Each structure stands twice: as C-alpha cells, then as structure tokens.
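Scroll down for the structure; my scribbles are underneath it.
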Amino acid sequence: MKYSNFFLPTLKDAPSEAEIVSHKLMIRSGMIKQSSAGIYSWLPLGLMVLKNIEKIVREEQNKVGAIELLMPTIQSSDLWVKSGRYDDYGKEMLRITDRSGREMLYGPTNEELITDIFQSHVNSHKDLPKNLYHIQWKFRDEVRPRFGVMRGREFLMKDNYSFDINEEEAKKSYDKMFKAYIKTFIRMGLTPISLRAETGPIGGSLSHEFQILAKTGESTLFYDKKLETLNPENIDPNELQSYYAAVDDQHNENNCPIPKENLKISKGIEVGHIFYFGTKYSEKLKAYVQDKNGNNIPVHMGSYGIGVSRLVGAIIEAYHDDKGIKWPTSVAPFKVAIINLMPDDQDCATKSLEYYNYFMKNKTDVILDDRVCSIGKKLSDNELIGIPFQIIIGKRDLKEGLIEFRNRQKNINKKIKVDEVINFTNKNLEL
Ligand code: ATP
Ligand code: MG
C-alpha cells in the first residue's frame, strides 16, 4: 500500500471526550470514527487490525474443532420469550418493531438462536459433541458506553456454543475452549490471566473470565505469578484453573491461599468470558437428544465469548508509549513501513520503491510513506500508527550507503548498510 493512495486521516489531537489512551490513539491514528454514542465506523487502518485479530481467533477455534456458521444480527423475540430472557434482559436489549408489528431485536448474544438451530437438526447422542461459533456484531444498549471500542453499544464478538451429552463431557468441551483462549491471547502478544467468575444472567455453575494485563486496565487482579509465564504449547486447563486469581473485591489478604512471594498484583482488562450452564436453555427450548438407552434427555451446553473489537483497544492499552501505538507483529496493520523522507529526491525514491517492491512480492504487509509533507509529520505519523518495523530513507544517510531501521516495539534505532536492509528486516519479522 502506498500512503498517498490510502485513507489514513491522522489527527494531532484527540477529542476531549476520549478519556483513555486507546480511545485517544485510535481516533488520532484514523482507525475509527464515532457515528453515535458507542457506535463506530471502522476506518481502513482500524479494520485491518480488527481483521487480523478476527483471523487469529478463527484459526484457534478451527484448530480445536469448533465449526463456524453465521447467525443474523436481527432476531425475532419469540425464542427469547420462550427462554424467559425477553423480560430479564431489560433495557440493554435494543427492541425493534417491523412493519407488520412483529417484535424483533438486535441480538446482544445468541444462546436462544443457536439452541433452536441445534434442536431442529440434531436428535441423537451420536451427533455429539458439537461446538458451533460465529463472529458477528452484537448490540447492547449499555448505560454508559465509554472508552471507545472497549465498551461500545455495537461491538464484534466471537461466540461459541457447545453441546454435550452430560456434565462430564461438557467439562471436556469447556476445557478445550479454555485452552484455545489462552493460546489465542498469547498469539496476540498478550498475557492472559484466567479467573473463576460469577455466572450472572447467563446462569449456570462454572465460569471463567479472561483478563489481559495492561497498566491502564480497569480491574485490579491478584494472582499466582505462574499465570504470567505460560507455555502455549503445554497448557493443562485443570492445573491453570487451580491457580489462585481474584479481582480486588474478591481478594482478601488475610485468607489468601498462596504465599505472599508468589502473589502478583496488576491491572487487567476483560477480553473473554466462558460459561457452562448445563440444561438451562436446552430444557426451555427443547434441545433434547436420544441417549444410548433410547431416553430423550436435554443437552448440556456452554457458551464462550471473545470481545474481538474490544481486543483492538485492549492491545493498545497494553502496547503504547507517549508517541503512539506499538503493535505486536501478529496483529499489526502493516508489518513494515518504508518511510521516504525525501520523495522529491530521485535516489531516495528509487531505493524506497526497490524495498517496497521486494516486500510486496514476498507478501509482507508493507506501507510506503511516499507523501510530500514535512519530515517531522512523517516520522510522528509513523510512530503514532505504530508499524513494528520502520525503514527510514533519508538523503544524507543514503549518500553514505546507510538506512535507519527502527523497531517500534523494542525502541531500537540503528543505521544499517543499504544492502543489509532486506535480510535484517526479514530476521526481525521472524522473531
Ligand atoms: P462486561 O462485564 O465487560 O460488561 P459481559 O460479562 O457483559 O462483559 P459477555 O456477555 O461475557 O460480557 O461477553 C463476552 C465478551 O464480549 C466480553 O468478555 C467482552 O470482551 C466483550 N464485550 C462485552 N460487552 C462489550 C461491550 N459493550 N463493548 C465491547 N465488548 C464487549
Ligand atoms: Mg456486560
């Protein structure tokens, strides 16, 4: 992508209503534009990151055998009346009446719809277990939409639903998701802390919340330091679930079960939540299957959510400095930026294009900053949008056969020889 052809409207200042750093940086770097309270347009740069996050989430779900489908955003109220949640959900649910007077709603979650799909097609224990998911926009009319995409009214969520013959099998499905969640967040460069949670209005008996560490997070977490150094290739959900972790209002230092030297205290942001709720919805919505003995029994269900759009903000909260965003490579909108400080100079233009063409050919996500603007603006815009690896081409350096290379994540700046730029960048991309 050439910057001059792209649509990347950066701003010097954030609007005053943006309170937290991720909200400010997302607006300043031209990732989102608010359309009304808690509802945003995703501009090209924001959409690229959202898609990268979605891709990691999808890959980790598919790896553990979850099957993707797509349910609509608008649902009929009928199933919600049957489940008893049409009244319970209250004002958070956006209710709509269609032209024939039918009561519809913009889905805040999908337990009802998926249970109905399941019960229409599955009748036998032989078809279990099943785990279905989609990545779809949700709407919740939050009392206080704030913090940009972190608490929006319209937001993108990945939600799965598991169906099993009994509690024991359901716990296996739960643990599979638990493991997939940890891997998903680690792939995004984050440190996930799993905590035993309340089940709330979804109901049920078992639930975990996944928070990621960020100095600016809203919750204070108290947890066993072992949770900070997980090996994604070797995760034992039962072991992890036995480690101590609590949010501040649950933590009591007088009866904390682990020694003080193992206890860590950090700020976190909730990015995922999983539940096992047994037969709560299957009984009400008649999702029964025949077991081995020919008895009709309600299936045991779980649901599993990841806040895909919230993660964009959460990752920025975890990775930024006073100049802007510092994207982890796995989610960065572009991996490499080639910044031509002197687009009017023939040598600089030729060299920039040479590198650009190389990375384009090798399918590395690359942006060439070929804008005619001040050097200061060019450098500060690129710091702001946070591309991990920056190749900076200036007239004076080039005359000496040198190029400046910046690693935005590690705050490394160094001059390297013109001929070594490609190899050096590729090596950094592999790390
Ligand atoms: P919260 O306590 O933050 O309101 P929740 O318990 O209502 O979250 P779930 O219903 O479990 O959330 O939804 C799953 C995930 O969806 C959450 O972990 C979060 O990442 C995301 N999410 C929930 N509400 C919002 C929102 N208003 N804006 C953005 N993401 C959200
Ligand atoms: Mg909520």
Side-chain angles (χ1 to χ4, degrees), residues 20 22-23 26 31-32 34 36-40 42 46 49-50 53-54 56-57 61 73 85 88-94 106-114 133-162 174 177-178 180-182 184-185 188 190 192-204 206-214 217-219 221 247-250 267-277 280-281 301-318:
I20 59 167
S22 60
H23 190 190
M26 284 182 77
M31 292 177 68
I32 50 167
Q34 182 172 312
S36 60
I39 304 180
Y40 294 88
W42 289 79
V49 178
L50 189 69
I53 292 174
E54 196 181 316
I56 294 177
V57 170
Q61 289 301 315
T73 52
R85 284 208 294 183
D88 291 356
Y89 227 93
K91 287 191 167 172
E92 260 198 26
M93 184 186 273
L94 180 66
Y106 195 129
T109 175
N110 281 65
E111 281 80 7
E112 282 75 1
L113 211 51
I114 196 77
Y133 77 99
H134 73 163
I135 302 177
Q136 178 62 294
W137 294 92
K138 308 285 185 288
F139 194 94
R140 294 182 186 173
D141 207 350
E142 301 274 358
V143 193
R144 262 192 80 200
R146 62 200 161 126
F147 303 155
V149 300
M150 300 263 274
R151 185 166 301 282
R153 292 199 295 166
E154 188 186 47
F155 60 96
L156 189 62
M157 197 206 283
K158 184 283 301 165
D159 40 325
N160 294 57
Y161 304 89
S162 64
Y174 185 93
M177 281 293 115
F178 188 98
Y181 272 40
I182 299 280
T184 301
F185 301 129
M188 294 173 193
L190 300 167
I193 304 293
S194 48
L195 304 101
R196 188 71 194 245
E198 301 293 326
T199 47
I202 289 193
L206 179 62
S207 173
H208 281 88
E209 215 173 81
F210 294 80
Q211 303 237 5
I212 58 101
L213 297 184
E218 258 197 315
S219 338
L221 312 177
V247 284
D248 47 1
D249 54 357
Q250 296 162 344
K267 295 278 184 188
I269 300 168
E270 184 199 317
V271 289
H273 204 163
I274 63 177
F275 302 86
Y276 163 65
F277 45 73
K280 179 175 168 180
Y281 296 95
M301 290 177 60
S303 72
Y304 314 86
I306 290 185
V308 176
S309 50
R310 178 179 288 183
L311 270 165
V312 181
I315 292 171
I316 298 174
E317 293 291 332

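Every number for a ligand or one of its atoms is a count from 1 in the order of the listing. Keep in mind it's a predicted model, so treat the numbers as computed, not measured.
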Part of Glu270 with heavy atoms under 4.0 Å of ligand 1, whether side chain, backbone, both or neither: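 It is both parts that get close, each with some atom under 4.0 Å.
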Return the [atom1] to [atom2] distance between [X] and [Y], rounded to the nearest 0.5 Å.
| X | Y | atom1 | atom2 | result |
| --- | --- | --- | --- | --- |
| Ile114 | Tyr281 | CD1 | OH | 13.5 Å |
| Glu142 | Lys91 | CD | NZ | 14.5 Å |
| Glu154 | Ile39 | CD | CD1 | 6.0 Å |

Got an N/O contact under 3.5 Å between [X] and ligand 1?
| X | answer |
| --- | --- |
| Ser309 | no |
| Met157 | no |
| Gly305 | no |

Report yes or no: does [X] have a heavy atom closer than 4.0 Å to ligand 1?
| X | value |
| --- | --- |
| Val149 | yes |
| Glu209 | no |
| Val271 | yes |

Phe210/Tyr181 under ring pair (Phe, Tyr, Trp, His ring centres under 6.0 Å): CA gap, chis, key distance, verdict: CA-CA 8 Å; Phe210 294 80; Tyr181 272 40; 5.2 Å; yes
With sequence neighbours excluded, residues passing salt bridge (Lys or Arg N to Asp or Glu O under 4.0 Å) with Glu112: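 Partners of Glu112 by the salt bridge (Lys or Arg N to Asp or Glu O under 4.0 Å) criterion, ordered by chain and then number, come out as Arg85.
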Within a distance under 4.0 Å of any heavy atom of [X], pick out the atoms of ligand 1 and give their elements.
| X | result |
| --- | --- |
| Gly272 | 18 (O) |
| His273 | 6 (O), 11 (O), 18 (O) |
| Glu142 | 24 (N), 26 (C), 27 (N) |

Closest to atom 24 (N) of ligand 1 among Phe147, Phe155, Tyr304 (heavy-atom distance):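 Residue with the shortest heavy-atom distance to the ligand atom: Phe155.
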Note: Arg310-Glu218 ion pair, threshold 4.0 Å (strictly below):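 Salt bridge absent between Arg310 and Glu218.
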Mutual orientation of the aromatic rings belonging to Tyr174 and His208 [parallel < 30°, tilted 30-60°, perpendicular > 60°]: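 Tilted: the ring planes of Tyr174 and His208 meet at 30° to 60°.
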Backbone of Ser22 reached by a side-chain donor or acceptor of Glu317 within 3.5 Å: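 Side chain of Glu317 to backbone of Ser22, a donor-acceptor pair under 3.5 Å: yes, one is there.
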